[in-house]
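All figures in this text were calculated on a predicted structure; none of them were measured in a lab. Letters A, B, ... are given to chains in the order of the sequence lines, protein chains preceding strands, and every chain is numbered from 1.
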Amino acid sequence: MAASPKVRVRFAPSPTGLLHVGNTRTALFNWLFARQKKGANVLRIEDTDVERSEARFETQLLDDLRWLGLDWDEGPDKGGEYGPYRQSDRMEIYRGYAERLIEEGKAYLCFCTPEELERERQQAIAEHGPQIYSGKCRRLDPAEARRRRTQGEAAAIRLKIPEHPIHFHDIVRGEVTFEHESVSDPIIVRSSGMPVYNYVVVVDDAEMKITHVIRGDDHLSNTPKQVALYEALGFPVPEFAHLSTILGPDRERLSKRHGATSVAQFRDMGVLPEALVNYLALLGWAPSGGTRETFTPQELIREFSLERVTPSPAIFDFEKLYWLNRQYLKSADRQRVIALALPYLRKATLLGEDMDAEMQQWAGKLIDLLVPYVDRLDQLPDRAAMIFRYDAVAAVSAEDNRPLLESEAGGKVISAFAKRVASQSDGFSAESFKAIINEVKAETGTKGKELFHPIRIVITGSHSGPDFDRVIPLIETGSRLPLPQHVLSVRERVAAFEQAFAQS
RNA sequence: GGCGCUAUCGUCUAGGGGUUAGGACGGAAGAUUCUCAAUCUUCAAACCCGGGUUCGAUUCCCGGUAGCGCUACCA
């Protein structure tokens with residue numbers, strides 16, 4: 001058996017918007033396959049849709065891919081043997097092949113106007129028949145057709161589809177067959193001279209020696225046209241792998257209205273790239289055995305296989321992504337998490353830009369305290385509210401606080417607690433705070449929830465939250481720091497609470 | 001309408017001609033904790049329907065149904 005040629009795959013996005021998770025999974029599977037097979041991963045920009053393509057989207061695309069760690073070996077930014085890698089720079093190539101196909105009788109000029117074609121289509125719909133091209137211009141004499149074009153008549157170029165069934169192999173779906181009638185002669189170059197997607201993609205993939213076309217299954221029905229094109233052009237037909245669509249919770253194609261769908265949005269939410277990569281890998285693929293959930297990129301490269309990709313569509317589960325993110329957040333390097341978390345706290349003006357060593361240390365501890373409570377970094381400011389936003393009036397009037405505050409035991413605890421805090425002139429440490437609680441406990445004869453909940457409400461405004469041992473030092477130290485928003489000390493909180501309580 | 005693809009817990013999935021149909025997210029309960037989160041333990045939860053093939057089908061085949069995609073001088 002001959003040595004199989006080196007694996008070459010490509011990811012070919014259109015720079016018409018932000019990188020979407022559906023495309024991202026395609027990019028990921030291409031990358032995993034290339035890296036596992038020690039092949040080449042090619043990045044090609046499909047910007048033939050001049051109207052919608054924008055340079056800034058291309059830049060963003062590359063940035064998002066880099067952020068995810070999905071690198072490429074050839075592409076518009078780094079060149080390569082088979083460039084250029086931007087379709088707008090390849091127009092001459094497309095033109096050349098199209099003319100060749102006409103000369104060889106494998107394609108022909110079509111003078112049908114869009115109006116004519118539209119009429120035929122409407123009729124087909126009315127008759128419930130298949131909407132296929134009549135083949136009218138196929139029967140034109142080539143020399144005559146050429147003459148008409150030279151005389152300035154607008155002509156599109158159509159590929160002649162051979163009159164036999166077209167089949168191809170798909171790694172995910174097996175053998176796929178289409179009757180030639182259902183394909184019908186497709187236009188490959190518009191009358192404006194602009195080549196169409198289904199044509200350029202074949203020229204590019206063939207010229208770039210792509211061996212495996214891994215892409216979304218919205219292209220499955222286009223594949224017979226492309227296979228016919230490969231054959232007309234005399235190029236070997238690559239292997240295909242069509243990935244199922246990613247759907248939203250309502251089983252419709254995942255889109256903006258389902259919430260975050262772009263890589264940029266997830267990044268802004270504080271989702272780690274390894275979590276997104278891990279989640280996306282599990283969407284439509286599972287390792288044999290199917291009991292493992294977390295994989296590093298290296299492990300994915302080792303385990304991945306296109307044969308194990310599931311053909312059925314998958315619903316994007318935000319919860320599971322966030323759960324995975326939490327796992328990665330917990331195990332990530334502390335300094336990295338702090339560096340990533342800081343911008344969220346700064347944006348909420350809880351921290352300033354300039355921080356001295358003491359403040360940095362304090363911020364680090366704050367983040368240590370908060371991160372276990374979130375599954376996305378953008379939830380941090382909300383979680384920090386108990387430190388930064390103490391609202392005595394709200395604490396006193398909150399529905400779920402009232403019963404406790406109005407109970408006899410609650411009142412006793414609060415007054416005993418307040419009295420002791422007031423008599424303490426210095427700040428509190430975790431130990432001295434605990435000592436006070438113990439005194440209150442002895443004086444009031446309360447314990448457990450009865451004892452802790454009222455104190456919690458006085459200090460944080462809520463009856464739930466992290467350990468006092470960690471919260472108290474943070475509050476006390478924070479109150480002495482020149483933060484953009486003053487953190488109230490224990491004494492200040494108690495004083496504010498008492499005032500609000502008395503007035504209620 | 002035509003053509004194509006798909007179909008296992010609510011969701012992602014493993015599995016496969018005979019299984020207590022496995023794991024994970026989410027849900028419920030319990031343990032722990034002053035509380036919440038986390039963590040741990042336990043529980044509930046599925047083979048779309050109808051025919052065939054077969055001793056036996058959730059698994060193989062065919063039909064139906066449903067969902068999705070393509071049906072463009074969009075990509």
Side-chain angles (χ1 to χ4, degrees), chain A residues 12-14 16 46-49 51-53 87 110 112-114 117-118 121 124-132 154-158 170 172-174 176-179 181-184 186-198 200-201 216-225 242 244-245 247 249 251-253 279 282-294 308 310-324 326 330 370-375 383 386 437 441 446-457 460 462-468:
Chain A
S14 295
T16 54
E46 307 213 321
D47 58 350
T48 47
D49 187 343
E51 310 274 288
R52 293 190 295 153
S53 296
Q87 286 183 333
C110 175
C112 297
T113 63
L117 296 171
E118 182 57 27
R121 198 171 304 123
I125 291 171
E127 290 168 0
H128 302 305
Q131 298 171 44
I132 52 171
I157 303 174
R158 280 188 193 268
D170 187 294
V172 178
R173 291 153 210 270
V176 183
T177 305
F178 286 81
E179 298 304 323
E181 294 94 335
S182 71
V183 180
S184 113
I187 286 180
I188 58 173
V189 180
R190 284 176 265 247
S191 50
S192 65
M194 194 65 170
V196 309
Y197 167 80
N198 279 308
V200 299
V201 78
D217 72 353
D218 45 337
H219 293 289
L220 191 64
S221 303
N222 288 325
T223 308
K225 291 177 198 168
H242 286 96
S244 66
T245 322
L247 308 175
R251 307 206 133 264
E252 292 201 36
R253 225 198 169 96
Y279 177 70
L282 256 21
L283 210 53
W285 171 84
S288 75
T291 55
R292 245 184 101 186
E293 305 292 331
T294 56
R308 293 190 60 83
T310 44
S312 57
I315 293 173
F316 194 90
D317 184 352
F318 291 88
E319 288 303 323
K320 186 153 183 180
L321 167 63
Y322 299 150
W323 172 80
L324 263 171
R326 184 194 282 271
K330 278 197 294 198
L370 266 19
V371 165
Y373 278 82
V374 302
D375 40 34
R383 285 292 178 175
M386 63 174 164
I437 290 183
K441 181 181 180 181
T446 55
K447 61 177 167 40
K449 286 187 196 183
E450 233 181 12
L451 169 66
F452 277 88
H453 276 197
I455 294 176
R456 237 173 215 297
I457 292 169
T460 67
S462 164
H463 54 69
S464 66
D467 281 357
F468 276 140

### Message
Counting C-beta onward and ignoring hydrogens, is there a side-chain heavy-atom pair between A:Phe316 and A:Leu321 closer than 4.5 Å?
### Response
yes

#### Entry: Pairwise side-chain contact, A:Leu220 with A:Asp170, heavy-atom cut-off 4.5 Å (strictly under)
yes

Treating [X] as the side-chain partner and [Y] as the backbone partner, does any N or O pair qualify as donor plus acceptor under 3.5 Å?
X: A:Arg308; Y: A:Ala286; result: yes
X: A:Arg121; Y: A:Gln131; result: no
X: A:Arg173; Y: A:His242; result: yes

### Message
Could you check whether the side chain of A:Arg456 and the base of B:rC34 have a donor-acceptor pair of N or O atoms closer than 3.5 Å, going by distance alone?
### Response
yes

### Task
Classify the side chain of A:Ser192 and the base of B:rC73 as holding, or not holding, a donor-acceptor pair under 3.5 Å.
no

For atom [atom1], what is the distance between [N] and [M], given to the nearest Å?
N: B:rG52; M: B:rG69; atom1: C1'; result: 30 Å
N: B:rA28; M: B:rC9; atom1: C1'; result: 15 Å
N: B:rC40; M: B:rG56; atom1: C1'; result: 42 Å
N: B:rA31; M: B:rA37; atom1: C1'; result: 16 Å
N: B:rG63; M: B:rC3; atom1: P; result: 12 Å
N: B:rC47; M: B:rC36; atom1: C1'; result: 39 Å
N: B:rA57; M: B:rG17; atom1: C1'; result: 6 Å
N: B:rG26; M: B:rC68; atom1: C1'; result: 25 Å

### Message
It should be established whether A:Thr48 places a side-chain nitrogen or oxygen under 4.0 Å from OP1 or OP2 of nucleotide B:rA75.
### Response
yes

### Query
Any side-chain N or O of A:Arg292 under 4.0 Å from OP1/OP2 of B:rG22?
no

Opposite nucleotide pairing with [N], Watson-Crick or G-U, both atom distances under 3.5 Å:
N: B:rU65; value: B:rA7
N: B:rA21; value: none
N: B:rA46; value: none
N: B:rG56; value: none
N: B:rG1; value: B:rU71
N: B:rU39; value: B:rA31

### Task
Quickly work out the A:Leu283 CG to B:rC12 C1' distance and round it to whole Å.
7 Å

### Query
Once you round it to whole Å, what is the distance between P of B:rA75 and OH of A:Tyr197?
9 Å

Atom pairs, N/O to N/O, protein against nucleotides 42-44 of chain B, distance under 3.5 Å?
none

### Summary
Its contact letters, B for base, S for sugar-phosphate only and - for none at protein heavy atoms under 4.0 Å, make nucleotides 63-72 of chain B read -----SBSSS

Of the listed nucleotides [options], the one nearest the side chain of [X]:
X: A:Lys320; options: B:rU11, B:rA7, B:rC25; value: B:rC25
X: A:Arg158; options: B:rG23, B:rC73, B:rU13; value: B:rC73
X: A:Arg52; options: B:rA75, B:rG23, B:rC12; value: B:rA75
X: A:Glu46; options: B:rA7, B:rC34, B:rA75; value: B:rA75
X: A:Val196; options: B:rC3, B:rA75, B:rC12; value: B:rA75

Any N/O pairs under 3.5 Å between the protein and nucleotides 36-40 of chain B? List them or say none.
| unit_1 | atom_1 | unit_2 | atom_2 | d |
| --- | --- | --- | --- | --- |
| B:rC36 | O2 | A:Tyr373 | OH | 3.0 |
| B:rC36 | N3 | A:Tyr373 | OH | 2.9 |
| B:rC36 | N3 | A:Gly465 | O | 3.3 |
| B:rA38 | O3' | A:Lys330 | NZ | 3.3 |
| B:rU39 | OP1 | A:Lys330 | NZ | 3.2 |

### Task
Return the 5'-most residue of the pair A:Pro287, A:Glu450 with respect to RNA chain B, ranking by each residue's nearest nucleotide.
A:Pro287

### With sequence neighbours excluded, residues passing ring-ring contact (aromatic ring centres under 6.0 Å, His included) with A:Tyr322
none

### Set of residues satisfying ring-ring contact (aromatic ring centres under 6.0 Å, His included) with respect to A:Phe468, sequence neighbours excluded
A:Phe433

### Query
Rounded to the nearest 0.5 Å, what separation is found between the CD atom of A:Glu118 and the SG atom of A:Cys112?
13.0 Å

### Query
Hey, what do you get for OG1 (A:Thr223) to CZ (A:Phe178), rounding to the nearest 0.5 Å?
7.0 Å

#### Entry: For A:Glu293, salt bridge (charged side-chain N to carboxylate O under 4.0 Å, His left out) partners two or more places apart
A:Lys320

### Task
Please check if atom CD in A:Glu51 has more than 12 non-hydrogen atoms from other residues, nucleotides or ligands closer than 6.0 Å.
no

### Query
Between A:Thr245 and A:Asp218, is a side chain to side chain contact (heavy atoms under 4.5 Å, CB included) present by the stated rule, with each step listed?
CA-CA 8 Å; A:Thr245 322; A:Asp218 45 337; 5.9 Å; no

### Message
For A:His463 and A:His453, take the angle between the two ring planes, folded into 0 to 90°, and tell me which bin it lands in: parallel under 30, tilted 30 to 60, perpendicular over 60.
### Response
parallel

